[in-house]
Amino acid sequence: MSDPQAAKDEFGLDGKVAIVTGGGAPDEGIGNGRAAAILLARSGAKVLVVDLVREAAEQTVAMIAKEGGVAAPFVADVTDEGQCRALVEAAVKQWGRLDLLDNNVGIGGRGSVVDTRVEDWRRIMQVNVDSMFLVSRFAIPAMVESGGGGAIVNVSSISALRPRGLTAYSTSKGAVIALTRAMAVDHGPQGIRVNCVAPGPIYTPRMYTGQMSAAGREARRQASVLGIEGVGWDIGHAVRFLLSEQARYITGQTLVVDGGATLVGPTRAPG
């Protein structure tokens, strides 16, 4: 039997249209979403880079264009239903179809159920879970209409698998995993694969713009059994793989990208 990937390029993404939410980052920093957007473009996909901050989205687009890729910025609050509809419509209007979605937006929060304010709990759920529901709600029909199936990656966290004092965040990221599995079952018959990436301690612009201490950064590096630091590119590569034809027989799964951190002690690294 022939290899179904043999006649295609390495990832089978050339000519595909992708949406990456949370695709910006401060300055030229490489966050998870920006890395995914750049890597998808390098493989020939056309990428709608969605971010709440226009300058951040435009910077990612400029970085892609510098390499000869195709991308466009879109400013949206992905907790708003109308704006989620609009961003999907923008991708289809610009390039005629939709094939791929990286649901990458998320915020953090510390504390137990006793410590967490109700408004903070609700905001974390809104940003981390509702956003993925809303964008997918409009993206999936567009993928079906495009006629070629599709692929979605939802970004969770190892905090869903190893709670560590971030209760609202851990709960929201656990919901992302459950949402991923439910979507995979619901939309597999339509040819749409849905998977999840669960990052571990990743050094992203959110870490260094938040003025993480050198000691905190070193503790996060040591959390890896490999003794190396995870960066946005590591998550971007995982996202591209799961969206690609190389993962054509994978759906409903959670890929942990953490350098082995979940294999060892559950202590949260200091900030």
Side-chain angles (χ1 to χ4, degrees), residues 16-25 31-37 39-40 45 47-52 56-57 60 74-81 83-92 98-108 123-143 149-160 169 171-187 192-199 202 204 206 232 235-244 247 250-257:
K16 301 286 188 179
V17 174
I19 292 172
V20 177
T21 67
N32 300 339
R34 176 171 283 171
L39 290 170
L40 290 168
V47 185
L48 188 74
V49 179
V50 180
D51 203 275
L52 189 59
T60 301
F74 194 94
V75 178
D77 176 352
V78 290
T79 68
D80 181 270
E81 182 178 3
Q83 294 183 52
C84 291
R85 178 190 291 108
L87 71 89
V88 171
E89 290 175 348
V92 174
L98 180 63
D99 307 283
L100 313 169
L101 170 61
D102 176 18
N103 274 319
N104 177 67
V105 170
I107 58 173
R123 181 60 178 166
I124 288 168
M125 296 300 166
Q126 182 184 39
V127 174
N128 293 3
V129 186
D130 291 5
S131 66
M132 299 189 184
F133 158 71
L134 288 171
V135 179
S136 300
R137 178 179 177 84
F138 298 107
I140 289 170
M143 290 177 181
I152 298 172
V153 169
N154 298 323
V155 178
S156 179
S157 168
I158 63 168
S159 289
Y169 179 74
T171 303
S172 71
K173 291 302 187 178
V176 169
I177 293 175
L179 176 64
T180 297
R181 292 168 64 85
M183 288 169 60
V185 171
D186 290 342
H187 302 291
I192 296 173
R193 297 182 302 102
V194 188
N195 289 293
C196 185
V197 170
I202 302 295
T204 64
R206 195 172 73 174
I235 306 307
H237 281 291
V239 169
R240 178 173 62 173
F241 164 68
L242 287 173
L243 290 176
S244 78
I250 301 173
T251 196
Q253 303 305 306
T254 298
L255 176 58
V256 176
V257 185

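Heavy-atom basis, side chains included; hydrogens, waters and symmetry copies ignored.
- Looking at Ile152 and Met143, their side chains come closer than 4.5 Å, going by heavy atoms from C-beta outward.
- Looking at Lys173 and Tyr169, their side chains come closer than 4.5 Å, going by heavy atoms from C-beta outward.
- Interatomic distance, CE of Met132 versus CG of Leu101, reported as 9.0 Å (0.5 Å rounding).
- A donor-acceptor pair under 3.5 Å is absent between the side-chain atoms of Arg193 and the main chain of Ala151, judged by distance alone.
- Judged by distance alone, the side chain of Asn154 and the main-chain N or O of Val176 form no donor-acceptor pair under 3.5 Å.
- Gln253 places a side-chain N or O within donor-acceptor distance of the main-chain N or O of Thr251, the cut-off being under 3.5 Å.
- Taking the side chain as every heavy atom from C-beta outward, Met125 and Thr171 approach each other to under 4.5 Å.
- Within a 6.0 Å sphere centred on CZ of Arg181, heavy atoms belonging to other residues, nucleotides or ligands number 12 at most.
- Summarising the geometry, atom OG belonging to Ser136 is positioned 9.5 Å from atom CD1 belonging to Ile192; distances are rounded to the nearest 0.5 Å.
- Between Thr180 and Thr254, every side-chain heavy-atom pair lies at or beyond the 4.5 Å cut-off.
- Considering only residues two or more places apart in sequence or on other chains, Asn128 meets the side-chain hydrogen bond (donor to acceptor under 3.5 Å, both in side chains) condition with Ser172.
- Side chain of Asp51 to backbone of Gly24: a donor-acceptor contact under 3.5 angstrom is found.
- When all heavy atoms of Ile235 and Pro199 are compared, the closest pair comes out as CD1-CB, 3.5 Å.
- Counting only residues at least two apart or on different chains, no salt bridge (Lys or Arg N to Asp or Glu O under 4.0 Å) pair has a member in residues 123-135.
- Checked against salt bridge (Lys or Arg N to Asp or Glu O under 4.0 Å), Arg137 has the following partners two or more places apart in sequence or in another chain: Glu81.
- No donor-acceptor pair under 3.5 Å is formed between the side chain of Ser156 and the backbone N or O of Cys196.
- Proximity of Val75 to Leu52: side-chain heavy atoms (C-beta onward) are nowhere separated by under 4.5 Å.
- When atom types are taken as modelled, the side chain of Gln83 and the backbone of Val78 share no donor-acceptor pair closer than 3.5 angstrom.
- Tested against Val257 for a side-chain contact (heavy atoms from CB on, under 4.5 Å), the candidates Asn32, Val239, Ile158, Val197 yield a single pass: Val197.
- Between Val135 and Leu87, the closest side-chain pair of non-hydrogen atoms falls below 4.5 Å.
- In this structure, Lys16 contributes its side chain and Leu243 its backbone to no donor-acceptor pair below 3.5 Å.
- Pairing each heavy atom of Ala25 with each of Thr60, the nearest pair is N-OG1, 4.5 Å.
- Without hydrogens or angle criteria, Arg34 side chain to Val49 main chain gives no donor-acceptor distance under 3.5 Å.
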Go through the steps for Leu98 and Val88 under the test side-chain contact (heavy atoms from CB on, under 4.5 Å), then give the verdict. CA-CA 8 Å; Leu98 180 63; Val88 171; 4.2 Å; yes
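- Leu39 and Arg240 get closest at one heavy-atom pair: O-NH1, 3.3 Å.
- The shortest non-hydrogen separation linking Ala37 to Val47 is O-CG2, 3.8 Å.
- Judged by distance alone, the side chain of Asp99 and the main-chain N or O of Val17 form a donor-acceptor pair under 3.5 Å.
- Rounded to the nearest 0.5 Å, atoms CG (Leu100) and CD1 (Ile19) are 9.5 Å apart.
- The shortest distance between side-chain heavy atoms of Thr21 and Ser131 does not fall below 4.5 Å.
- Residue Gly174 comes nearest to Ala160 through the heavy atom pair N-CB, 3.4 Å, listed as atom of the first residue, atom of the second, then distance.
- Across all their heavy atoms, Val194 and Ala184 have their closest contact at O-CB, 3.8 Å.
- Counting only distance, with no hydrogens or angles, the side chain of Asn195 and the backbone of Ile250 share a donor-acceptor pair below 3.5 Å.
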